[in-house]
Structures are given as C-alpha cells and as structure tokens.
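Here the structure is laid out as structure tokens; the discussion comes afterwards.
Chain letters run A, B, ... following the sequence lines, proteins first and then strands; every chain starts at 1.
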Amino acid sequence: MENYNSSNIKTLEFDALIIGGGGSGMRTSLELAKSGLKTAVVSKVFPTRSHTVSAQGGITCAIASADPNDDWRWHMYDTVKGSDYIGDQDAIEYMCSEGPKAVFELEHMGLPFSRFDNGRIYQRPFGGQSKDFGKGGQAARTCAAADRTGHALLHTLYQNNIKEGSNFLNEWFAVDLVLNQSKEVTGVIAFSIESGEVAYLKSQATVMATGGAGRIYSSTTNALINTGDGLGMALRAGFPAQDMEMWQFHPTGIYGAGSLVTEGCRGEGGYLVNAEGERFMERYAPNAKDLAGRDVVARSMVLEILEGRGCGENKDHVFLKLDHLGADVLNAKLPGICELSRTFAGVDPIYNPIPVVPTCHYMMGGTPTNIHGQAYKQSNGADEIISGLFSVGEAACVSVHGANRLGGNSLLDLVVFGRAAGIHIQEALKTGGGVADAGRDDIDQALDGLNRINSSTEGFEVAEVKRELQSVMQNYFGVFRRGDFMEKGVSALNEIREKISNLHLQDKSMAFNTSRVEALELQNLFEVAEATAIASFQRTESRGAHARDDYKERDDKNWLCHSLYDPIQKTLSKRDVNFEPAQVDTFEPKVRTY
Amino acid sequence: MIDVNIYRYNPETDKFPYTQTYSIKKPEKDIMLLELLNILKEQDSSISYRRSCREGVCGSDGMNINGKNGLACITPISQAIKKNKIELRPLPGLPVIRDLVVDMTEFYAQYDKIKPFLQNETEPPAQERLQTPEDRDKLDGLYECILCACCSTSCPSFWWNPDKFVGPAALLQAYRFIADSRDTKTAERLEGLSDPFSVYRCHGIMNCVNVCPKDLNPNHAIGEIKSMLLSNKKKENIIVSDGTS
C-alpha cells in the first residue's frame, strides 16, 4: 500500500470535532448544534450502537420526585463517600447541583421515563444512596425508564441531534491526534470505514467522547467496541491519564456471558445468595446490605467464592434472587433483565435465580479534565491546560467517581459534562480561542501509526495478542490485587508491547475492512492496559475499587490523591484532589462503611 | 462438522457476490451466532460484519439467517443450524457494501422523515412534564426499537418502494410519538403520512412482526395509524396494546 502523507489525503475543517457518538458526545454536539459553529461527530459506529445503549438501571439525580425533600447535597455526600474521597469535590458539586436541570432537559426532549402515580419521573433505590448525609436511611434517587434507561437516553439524544441538524461522520474511525509544534491538538487523522478514505479532520476544539475500555479484560460487561480509543490516542500523544488503577467490577455480570444485570434489581428488592442460600451481604454491610457500594459488594462476592460458598458445579459464582418480587414487578420494572437472563443464562428470573459474578464494568480513570472538559497535563508539578483537547464521559476523569463510581452516576456524568463542554467550547471559540495550524510534518507524524499497520507484511495476529493481553489483565489486575502478581503482569505487558508494535494486518483492502479497525483498537487497548498496570502496581494502598492483599488499608497520609500516569516515562506521580466545593462545606474523609 | 455458508462480496476484488463455505467443528457449547462468526473471522480476517453490544440492544448485527432476518448475537447456533448448515446473507433489499454489511442510508432516511423527536410547542415547565403511568404505558412496545432494520428489510413493500414507503421500523417510531401524551403534533404527523405510499403500502404481510428480535409489533402500530387517519381518531382514545394483534 502507498503511504499516506499530508499531500495525498484531504483535509476537512471544523470549528469543533467530537470523537464518539455515545451519550456524552451527543450531549456535547447537541449543545454545539444550536451555536452555529461548524461541528461534526465522528463515530466508529452509527450513534445508537454506542455503549450508552446498554446502560440499564437509570440516572441518579436529586430531582425530588420519590422524596420531595431530597437534596442534591445528599447526593453529593454519597458520591464523595462512594469515591472513597478522591473524587474532586468541586466537580461532584457541579454534577449534583446541575443534575436536575440536565435530567429535566432530557425529559423535555422526550426521554420516556417511567412514572409515579402523580405523573412525576419514577426513581428507584440504588447502591450507596442515602438521605440526610448518610443519617436518614436508604434513598431512592435513580431516575429510570424501566431497565432500559441508557437505550432511552441514547435514542433521545440522537433524535434531538436530528432535530437540531447535527453533522455526523458515521462509521469513521479516528486513528491519532494531530499536534502542532506547540503541542496543541489541532484535530485527528481518521478514515471512513465504509470507503477506507483517509482524511485530516482539522478542528479548533477536539472532544474525546470515546467511552471506556472494558475490553482490556477478558470478562467485561462492555460492548466489543469499548477499546479506549480516545485515551489510547491521548497516551500515544504523550498526554497523561489519571487514576487508571480504578476499574469498577460490577457485582452482577451474567456468569459466563458477562452481560450486565442492573443494580436496579437489588434496588427493587432482589438480593444475592451463596450456595447455602444465605443472604451474605447482611454480614458484610449490615445497614445497606445488597445496596452497599459496588466495590464492597463485588469483594464480598469474591470472598464468598474463595471461601468455598460459591454456587454451581465449580462453586465459582453466586445467585441473584428475584423470584420473590413476582412476575408483575419483574415484567413492569425489569423487563430487559428478564429477556437478557433468558437469552444468556437460560434462566427465567420469575422462577429461578440468575447466576452472577463480578465483571469489569467501568473505567473511573481517564484523561484529567476540569468541569469544562478541558484536558490537563502537568509540567513541573503544576496543572496546565492542553490547548485544543477536551474529554467528556467515561473517557475523562473530571473526577466525579474517584476510586469507585456509584450506580446511576455515569449517565448523569455524560449529560452534565457533555453539556458543560459544549457551552464552554461555544463561548471560547466565539471569543477567539483556538489553536495554531499544524505543519505538514506534524500531519505526517500523526499518519505514522496508520502507515505502519498498513505496510505490515508479517508479524503477530491481532486476535491472539488481544487474548493474551486480556488474560494478563484478568489474572493480575482483577478484583483483588497483589504486588508480586502485578509485577509479573507488568513484565508480561512489556513483552506484549513488542507484539503490539509488530501486528500483522493481513487484509489491506479499503471497503469496510473491520480487521484494520480491530488492529488499531488493540493498540489503544494496550495503552490503556499498560497505564492501568503501572498505576495499580504503584498505588500501595487499598481504596475504592483498588483492593490490595498486600496493602489492605486505605492510606490517607500518602494516597489521598489522584495518580497521574506519564506515558512517556511510564511513571506515576501524584495530583491533588479538590476539596473546595463552592456552595457547601468540604466533606472530610471518614472511614467508609455501609 | 457444520458448514457455514457466508455471502461474500468485496467491491474492490469481486465482480459478483458469491457464497463461501466454512466447514467448522460444531462448538460443544451452544454459543451465539455472533461468537461463531468471531471464531470464523480469526481464521479468515477478511469477513466483514457489524457488531457492538453483543447482547441484542444496539442493533448492529442484523442479518439474514437461513432466510429469516435476526440478530446474530442473540441467535443460538442450536437454532440456526439446519441439516448441519447455516446460511448467512446480508439484510435483503439494501445495497451491499461488503459481505454482511449493508448500506442503511435509505432506512435511516425514512427514520429521519417521520421527525423522530418529541414536538411540544408549549413552554416546558421548570421541572419535568407530567405524564400518568397509564399514558406512559402507551409507549411500551414502541420506544424499545433498536433500529436494526430486520423488520423493514423483510418487508416486500419496503423492497419495492424504499424511498416512498416509510417501512415498519420508522412507522413504529412515528406511532411512538403520536402515542406520546407529551407530543402536540399528532395532526401534523398524521397529515405527513396520509399520501398513498407512506403508510398505505403496508398490506399486513406481517413479516415485520415475525422477525422483530425485540418482539415488537410494527403491524399493530401501523394499524393504529391507519385507523386514526380514517377516523380522525384523537390521541386520548389510544389504548394500551398488549403487544399482540
């Protein structure tokens, strides 16, 4: 194949470019569509195929429907506690206080929320929720459209983007960031999957809305497309990633298949049992029981299994019991779960419990940003904004989830910060903010990765290397971690890097060549996996989702901070957590129990 | 051993499409068809198909399985194997880009045409618009559509007039907004569908109902639209469907 360079590819120019057509990307684009700026959403799949579609239980927000006295400050308290105190309190405050506005907007756009008898939006209890700063018992704060909230949200956003005339480059794959000589981001190299045509998409603002990367693990609730493309691009460009050791394992992935079973099942009254039929969460979290934080529930499940009380022939899972709720409740509130369970577990939850196991679900880490979505790097220990680069949603680490995300907070994160980034970009570009042009050499350099994979004549098979990568992550960086194992994992990854640089793309064709996409996705997965491994190995404490057998306690003296991974030096540094909300007093770190 | 016959076409190298047979040991476990395709793709990386969620909610992997449209990710191979064979073809009636990947432009254009977004001219309240649970129930069986196109591409009327007949998928969504108590454009929506083609080319063949992987019933929605067009029936009279017709 002929090499691409700056003179044989075309340039498409935009004011703002959004990479990713999921919830956060389409909320950003919706804001920008009304602005008159020339904007495009670049999505590797048709937007309604994005992973937001799989979100089930709901969007957590203090809209005071289930409880007229509900207060966003209580939601903030829960989120700070859930984060194990390394969520940024200014960002959490912004999300929880702006949340109701963003949720009502979604309703006005047409999102088919379930309803209470009084006609208001239905809210269900979710894990880690409380009233009155933890003193008033369980809250019901998660707004739901049955158990298909993500589907309803994603389709509503797409529909409103149609209404506002947003511009989509569907089934285009972004390969790498283009940087100018001042290391500002000036757009991306991308290609149309359908035709294979390569272009430089030039932009004053490039928003990474590329979602998570759960596919670094062999067992995940994530879609096949969740390969961390935006984060991979940012890491290759030398930009840092924050809190990459923090991966959420969802307590209830369907055993074997990995498909998600919403926490809403437990919110509606379902509970977990071990092989002895015991509701074991009563022992681990006497107050919240099955609605403790996800990290707590996932660890309790693994301990039950390790201690021999797992279910099934291999004693390697537990059961989620729902049958006592009755067919009416299940059909009305959890119809999607019933469907998934019948298809993927061969079990009808109306009669029998669902076999479940903790499964990789969510990346709390990502590109560090402020509440406007502006990406950060650090120089000499001080934060510095990366001109031209933004990140929103799961790809970003703003950070509202810290060391452990609460259920229902990810959909809220998408719409609140997608909206905020859109507002900021509009204002910034209208007042003359922007970036200098990239030169020919800069563009050529950004084409290097694509040219390399296209010119490969031999090397390693993508599917094989991917399996190897996933099994290293699964074995060494799972729910429980240990220094000596992780050290082995890090060195295994070193060997895999060699293979990643020498992948063989056998099929060089242009039209809808999915094996080219898969090879490039694997390179992104690797960057994310390496960041995860190094950050996990070096954070020598247990906090939130990061649980170490060799450092069992939380260590606030040394680690009440974000970790910042530098992809060039492959080192980890520390970054301060924000403890300065504007409207409320700081929530001071406390021992975290449920 | 089973034979998986896959429709192959690469516009760069093939003048005509052809069927390629992959003989493969029958997996011991009853895996989904998508997983079987993923195994085949490891042997022949040139096979092209769309996939994303792998759990039947994103609508990427609609294809024609033994002559019937469905989603590969929620079709167990035990259901797909007939006489030790599986026939996989792209969704019928749309241009083929490559192998099992079709050009869905016309399908999406019909979706855009029905204005698939809530229209309400009144100023929204500071909070949400209220909706009774009974009114909300009217959206069940409608909003869950995943735009996989299994229904529209199984519909002979859509094959003949993909540019003029809206097709079952988009008509289901047209009705989703007509049925929504919060939408105030019922009359305009019905007016937009009143020509001889948009709705009336549906002849109740029922292929749509037969193939929908989400068990939705576009035929029922189309029937409701037709009867509203004929009787000027008001939105208040819409009753909740039990999904059967």
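When heavy atoms are compared at a cutoff of 4.5 Å, A/Asn170 does not approach chain B at all. For chain A, the nearby part of B/Tyr49 is the backbone; its heavy atoms alone come within less than 4.5 Å. For A/Ile193, no part lies near chain B; criterion is any non-hydrogen pair under 4.5 Å. Neither the backbone nor the side chain of A/Asn226 comes within less than 4.5 Å of any heavy atom of chain B. For A/Arg215, the part lying near chain B is the side chain, with the backbone staying farther off; criterion is any non-hydrogen pair under 4.5 Å. For a residue to count as touching a neighbouring chain, one of its non-hydrogen atoms must lie under 4.5 Å from one of that chain's; by this rule B/Glu12 touches chain A with the side chain only. Contacts between A/Met510 and chain B at a heavy-atom distance below 4.5 Å involve backbone atoms as well as side-chain atoms. When heavy atoms are compared at a cutoff of 4.5 Å, A/Leu340 approaches chain B solely by way of its side chain, counted from C-beta outward. If you measure heavy-atom distances from A/Ala257 to chain B, the contacts under 4.5 Å come from the backbone alone. No part of B/Ile114 comes within reach of chain A, as not one of its non-hydrogen atoms sits under 4.5 angstrom from that chain. Only the side chain of A/Phe46 comes within contact range of chain B, with heavy atoms under 4.5 Å apart.
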Could you walk me through whether A/Ser515 and B/Lys41 pass side-chain contact (heavy atoms from CB on, under 4.5 Å), step by step? CA-CA 9 Å; A/Ser515 52; B/Lys41 190 169 169 69; 4.0 Å; yes
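B/Glu42 has a carboxylate O that lies under 4.0 Å from a charged side-chain N of A/Arg467, or vice versa, which qualifies the two as a salt bridge. By the 4.0 Å N-to-carboxylate-O rule, A/Glu194 lies too far from B/Arg50 to be salt-bridged with it.
Under a 3.5 Å cut-off, the side chain of B/Ser52 and the backbone N or O of A/Arg49 do form a donor-acceptor pair. The backbone N or O of B/Glu144 sits nowhere less than 3.5 Å from a side-chain atom of A/Arg148 that would complete a donor-acceptor pair. Remark: the backbone N or O of A/Phe113 is paired with a side-chain donor or acceptor of B/Arg136 at under 3.5 angstrom.
Note: B/Arg129 leads B/Arg176, B/Gln173, B/Lys29, B/Arg129 in heavy-atom pairs under 4.5 Å with chain A. With chain A as the partner, the residue from B/Asn120, B/Thr13, B/Thr132, B/Ile146 showing the most heavy-atom pairs under 4.5 Å is B/Ile146. Among B/Pro116, B/Pro76, B/Cys53, B/Pro11, the residue with the largest count of heavy-atom pairs under 4.5 Å with chain A is B/Pro116. Of the listed residues (A/Glu339, A/His51, A/Glu464, A/Glu461), the one with the most heavy-atom contacts under 4.5 Å to chain B is A/Glu339.
How far CZ of B/Arg54 is from OG of A/Ser259: 4.5 Å, rounded to the nearest 0.5 Å.
Residue-level contacts of residues 101-108 of chain A with chain B, in order of numbering, are A/Phe104, A/Glu107, A/His108; threshold 4.5 Å between heavy atoms. Residues of residues 155-163 of chain A that come within less than 4.5 angstrom of chain B, heavy atom to heavy atom, are A/His155, A/Tyr158, A/Gln159, A/Ile162, A/Lys163 in numerical order.
A perpendicular orientation is assigned to the rings of B/Tyr143 and A/His151, their planes being inclined by more than 60° (bins at 30° and 60°).
Not a single salt bridge (charged side-chain N to carboxylate O under 4.0 Å, His left out) links B/Glu191 to another residue, sequence neighbours left out. Considering only residues two or more places apart in sequence or on other chains, B/Glu106 meets the salt bridge (charged side-chain N to carboxylate O under 4.0 Å, His left out) condition with none of them.
Here the options are B/Leu142, B/Asp140, B/Asp180, B/Leu139, the test is side chain to side chain contact (heavy atoms under 4.5 Å, CB included), and the partner is A/Pro112; only B/Leu139 passes.
A donor-acceptor contact closer than 3.5 angstrom links the side chains of B/Arg98 and A/Ser509.
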